[in-house]
There are 2 protein chains.
Amino acid sequence: MATIKDVAKKAGLSVSTVSRYLNDHPYISDDKKKRIKAAMDELNYSPSMVATQLRSKKGTMIGILVSRITNPFFSYLVDSIEKNSKLLGYNVLVMQTYDDPAAELKMLEMLKQQVITGLIMCSVEGNPDVIETYQQYGPIVFCNERIPGSTIPQVYTDQEQATFEATNYLIGKGYKKIAYCTGGSLTKGGHGNARTAGFEKALLESKLTMKKDWIFKEVHTIADGHQIAEKILSLPESNRPDAIFTGSDEVASGILQKFLQVGKKVPEDLAIMGFDNQPFTAMLAVKLTTIAQPVDALGREATKVLVAQIEEATYQIDTTELKLELIERESA
Amino acid sequence: MATIKDVAKKAGLSVSTVSRYLNDHPYISDDKKKRIKAAMDELNYSPSMVATQLRSKKGTMIGILVSRITNPFFSYLVDSIEKNSKLLGYNVLVMQTYDDPAAELKMLEMLKQQVITGLIMCSVEGNPDVIETYQQYGPIVFCNERIPGSTIPQVYTDQEQATFEATNYLIGKGYKKIAYCTGGSLTKGGHGNARTAGFEKALLESKLTMKKDWIFKEVHTIADGHQIAEKILSLPESNRPDAIFTGSDEVASGILQKFLQVGKKVPEDLAIMGFDNQPFTAMLAVKLTTIAQPVDALGREATKVLVAQIEEATYQIDTTELKLELIERESA
DNA sequence: ATGAAAGCGCTAACAC
DNA sequence: GTGTTAGCGCTTTCAT
């Protein structure tokens, strides 16, 4: 591999001139520019990013933390962040946590070790206070996750309000026995808390109660949905919910599928509310009523905030598109 | 940020000893190990990956090239590669090409610039011959894409055979006017060629013909499926296909949805064959007949081959799981 | 077992 | 405009 030194020698110039050329500094004579270009081509030279970065301290890699990339919400989010990053001259290092705080810490360490120049956390498992201590090593932004009172910039939607409204929508339709699913662990500070708060608030206002048997935590997949359906169906009829807020289209679909399989009707036997408005939800046997997330805007704004911080500029988040929207279809 | 020098000073030792500690060399006295550890903790020290890499030439980042991460096939593939890489001590840099050869080249350049230590190409747009020239800068493996005659290691399934069989399945059901969709551009050497070959072979053997009007190229999304459906429906009835091989569950779903919307029946009015067996295909209003891909195995084997090459070991690809399987449901 | 010192490839004063 | 030079933080001979 040719180095800047080789190029300088071949062009009969000093390394500094070549370095200037690389960083397109002003004031290099055209004649020399051509000689340098020729030498580079001849040697098939590419500057070493590693050396550049060691010296200049400026990296070009952004880290993205998601819990599971196979969740379409996250794959669309990564898509948005990747596209916007590329536009701004950055590359993305993607890491899945699978809800493991250790993976998250590993990513934070990479920020410290300068592997990444900035970090977008689309899911957070660890203690926000310790995450904050990593800000000294590079900018961090929370995307989608909202951590009240944190000093870390956040790009988010109002999930509490949306869940509140969605639950009221259910209540308004006459459902009184509403079950609840969450991807979180239901511990304070864990994720999914905003939604839980909105759900509880709606129930409280209507003097409805939450039953232990109707709460499902740490559920994410279609298979989880199957299990939930089975649990519900194994309950005595008198004790079964008549509606369920799932917090995930995948879980919702799983429940739906199992109910249909055993000959139940949706929403007559169970009304199902999804979350995310994933593309396929409009095509299911019973079209899913769900909540659309502004995933493109979420990714775009998060990227812009992060890059602004990296480049020591300021950027005011544009919140106009960051709205959740209830999509009314057939399942509830 | 503390450096190795600071640690050495604080521990009253030389940088070399600290470096040895970092790389757990043999023969450091326990006493000194403790002093080093203490100094590191006190200074909150983390070695700089960048400096380490500049010196040692050993990186820990693997590049993954996909066309669109929002395609569930790719998100599952990335999931598999990411998980397996992590297991082997590597991180992943993900880049989407959106079928743009320039993006692909950019990634190849990153291999040259040592940003990534190895590259898994899950989609290839550019000229295989020029891709091969990049092997001098680091190992490359093709995953899913098969490029006959290339010296680059490949992990793939037999898509030609599977498409041949799927088409024969359609023919066996009595369909004679079979349309065809591909994500590729239908140029020689472009992707999707294996499938096209299998399709053509099946048609040829049954003396069926391909019609221009029944060929759809560069289609990927549900929206593309909608358009295809509209084009088919705009054809005079006598000239409409009675079945369609889509090469993509997303496209298949789009076609299905539009047909159902206008009151057509599937498979009676049009038999639809998907590809990928994405989770939601079993839950559509008309369950999709499709082809399951061994995506976990694909990702795992690709990662193992690549890492073996990076670490200068040898690895024999385990092909036992690399089989495509026709999943017969309702749409065809 | 430990240390001194020479770079890895590049950037950025500083000098001319 | 262009060249000289001192590092960035680490690894790695080569001594001892």
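Naming convention: chains lettered A, B, ... in sequence-line order (proteins, then strands); numbering from 1 in each chain.
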**Distance-only donor-acceptor test, B:Arg55 side-chain atoms vs C:dG7 base atoms, 3.5 Å** = yes
**Message:** Testing the 3.5 Å rule here: is there a donor-acceptor pair between the side chains of B:Tyr76 and B:Gln293?
**Reply:** no
**Message:** The side chain of B:Asn23 is closest to which nucleotide in this list: C:dG9, D:dT11, C:dT2?
**Reply:** D:dT11
**Prompt:** Rounding to a whole Å, what distance do you find between B:Arg35:CZ and C:dA1:P?
**Reply:** 16 Å
**Request:** Go through C:dG9, C:dT2, D:dT12 for me and flag the one nearest to the A:Thr3 side chain.
**Result:** C:dG9
**Asked** How many Å lie between CG on A:Leu22 and C1' on C:dT11, as a whole number?
**Response** 10 Å
**Message:** Quick check on D:dT2: is either OP1 or OP2 less than 4.0 Å from any side-chain nitrogen or oxygen of A:Lys32?
**Reply:** yes
**Message:** Does C:dT11 have OP1 or OP2 under 4.0 Å away from a side-chain N or O of A:Ser19?
**Reply:** yes
**Request:** Quick one: label B:Ser16 by what it contacts on the DNA or RNA (base, sugar-phosphate, nothing), any heavy atom closer than 4.0 Å.
**Result:** base
**Message:** What is the separation between atom NE2 on A:His25 and atom P on D:dG1, rounded to the nearest whole Å?
**Reply:** 14 Å
**Prompt:** Does a donor on one side chain sit under 3.5 Å from an acceptor on the other, for A:Tyr315 and A:Gln309?
**Reply:** no
**Prompt:** What's the CE-P distance between A:Met49 and C:dT11, to the nearest Å?
**Reply:** 10 Å
**Message:** Side chain of B:Thr17, heavy atoms from C-beta onward: which of C:dT11, C:dG3, D:dT11 has the nearest atom to it?
**Reply:** C:dG3
**Message:** When you measure from the side chain of B:Arg35 to the backbone of B:Ala11, do you find a donor-acceptor pair of N or O atoms at a distance under 3.5 Å?
**Reply:** yes
**Asked** Any idea which of C:dT11, C:dC8, D:dT2 is nearest the B:Lys57 side chain?
**Response** C:dC8
**Asked** B:Met95 versus A:Asn91: any side-chain heavy-atom pair under 4.5 Å?
**Response** yes
**A:Glu104 side-chain N/O to A:Glu125 backbone N/O, donor-acceptor pair under 3.5 Å** = yes
**Request:** Measure the distance from NZ on B:Lys5 to C1' on D:dT11 and round it to the nearest whole Å.
**Result:** 14 Å
**Item:** side-chain contact (heavy atoms from CB on, under 4.5 Å) between A:Leu65 and A:Thr97, worked out
**Value:** CA-CA 7 Å; A:Leu65 216 38; A:Thr97 64; 3.7 Å; yes
**Request:** Measure from the side-chain heavy atoms of B:Val15 and tell me the nearest of D:dG9, D:dT11, C:dT11.
**Result:** D:dT11
**Request:** Give B:Ile28 one of three labels, base, sugar-phosphate or nothing, depending on what nucleic acid heavy atoms sit under 4.0 Å from its own.
**Result:** sugar-phosphate
**Request:** For A:Ser48, answer base if it contacts any base atom (sugar-phosphate contacts may also be present), sugar-phosphate if it contacts only those atoms, and nothing otherwise; contact means non-hydrogen atoms under 4.0 Å.
**Result:** sugar-phosphate
**Request:** Look at all strands and tell whether A:Tyr21 reaches a base, only sugar-phosphate, or nothing, counting heavy atoms closer than 4.0 Å.
**Result:** nothing
**Asked** Looking at D:dG1, does its base get a donor-acceptor pair with the side chain of A:Arg20 below 3.5 Å?
**Response** no
**A:Gln114 CD - C:dC10 P separation (whole Å)** = 19 Å
**Request:** Could you tell me the separation between the CG atom of B:Asp24 and the P atom of D:dT12, rounded to a whole number of Å?
**Result:** 13 Å
**Item:** Distance in angstrom units between A:Leu43 CG and C:dC10 P, rounded
**Value:** 12 Å
**Asked** Nearest to the side chain of B:Ser29 - C:dC10, D:dG9, C:dT2?
**Response** C:dT2
